[in-house]
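One structure is given below, encoded as structure tokens.
Values below: every heavy atom of this structure, side chains too, minus hydrogens, waters and symmetry copies. In listed order, ligands and their atoms are each counted from 1. Numbers here are sequence positions counted from 1. Since the model is a prediction, treat every value here as computed from it, not as a measurement.
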Amino acid sequence: MAIQRTFSIIKPDATKRNLTGAIVAKFEAAGLRVVASKRIQMTLAQAETFYGVHSERPFFGELCEFMISEPIVVQVLEGEDAIAKNREVMGATNPADAAEGTIRKDFALSIGENSVHGSDAPETAAEEIAFFFSGLELVG
Ligand code: ATP
Ligand code: MG
């Protein structure tokens, strides 16, 4: 498997509890390098666009309100098999199902307030990176 890039968000529940460094440490320990990072606060329109794939789900409104409730940290992670590795380090969506040592097992509060987002495929990784970062912010 080649070197890949993936997109990651440290969500409001985690930034609020000052867990940014602890979460980044888990990515770095797993061999993922932070190649771009910034702290932002999304507008409702941005959150609705970003999570558009979930617009028909019952939790869509709650999810978007949560994602704009506090600043988030958006990042690009790079490494061998980065998309799958990131999701492995994140753990299952519901922290009750997450494996020991994963970010969600250690830090998530609930299935909604689950501390991190990670892209699920090469196409979504490319789209999500381009949604938040310009070419000038991405070192080759
Ligand atoms: P993410 O896309 O954030 O990396 P994921 O791929 O593990 O997480 P998805 O099924 O894509 O999970 O859901 C997107 C996000 O929507 C979840 O991370 C969570 O914050 C929220 N979510 C998912 N299911 C529920 C639910 N049943 N109730 C409330 N929020 C939910
Ligand atoms: Mg998802």
Ignoring hydrogens, just give me the one of [options] whose non-hydrogen atom is nearest [atom].
| atom | options | answer |
| --- | --- | --- |
| atom 8 (O) of ligand 1 | R104, R57, M90 | R104 |
| atom 22 (N) of ligand 1 | Y51, F59, F7 | F59 |
| atom 21 (C) of ligand 1 | N94, L63, D13 | L63 |

Can you pull out the closest protein heavy atom to [atom]? Residue, atom name and distance to 0.1 Å, please.
| atom | answer |
| --- | --- |
| atom 30 (N) of ligand 1 | G112 CA, 3.5 Å |
| atom 7 (O) of ligand 1 | T93 OG1, 2.5 Å |
| atom 17 (C) of ligand 1 | N114 ND2, 3.6 Å |
| atom 14 (C) of ligand 1 | H54 NE2, 3.4 Å |

Looking at ligand 1, does any of its N/O atoms fall within less than 3.5 Å of an N/O of [X]?
| X | value |
| --- | --- |
| G118 | yes |
| H117 | yes |
| E113 | no |
| R87 | yes |

Do the side chains of [Y] and [X] get nearer than 4.5 Å, heavy atoms only?
| X | Y | value |
| --- | --- | --- |
| L77 | V35 | no |
| S8 | V76 | no |
| F7 | E127 | no |

I need the full list of salt bridge (Lys or Arg N to Asp or Glu O under 4.0 Å) pairs touching residues 72-88, with sequence neighbours left out, sorted by first then second residue. R5-E78
Is the shortest distance from a heavy atom of E128 to ligand 1 less than 4.0 Å? no
Closer than 4.0 angstrom: is that true for some heavy atom of I111 and an atom of ligand 1? yes
Other residues, nucleotides, ligands: >12 heavy atoms within 6.0 Å of R17 CZ: yes
Any idea which heavy atoms bring H117 and N86 closest together, and the distance? O-ND2, 4.4 Å
Flag this pair as yes if the NZ/CZ of K38 is under 6.0 angstrom from the six-membered ring centre of F133 and inside a 45 degree cone about the axis; otherwise no. yes
Considering residues at least two apart in sequence or located in another chain, which fulfil the side-chain hydrogen bond (donor to acceptor under 3.5 Å, both in side chains) criterion with Q46? T43
Distance-only side-chain donor-acceptor flag, E128 / S119, under 3.5 Å: yes
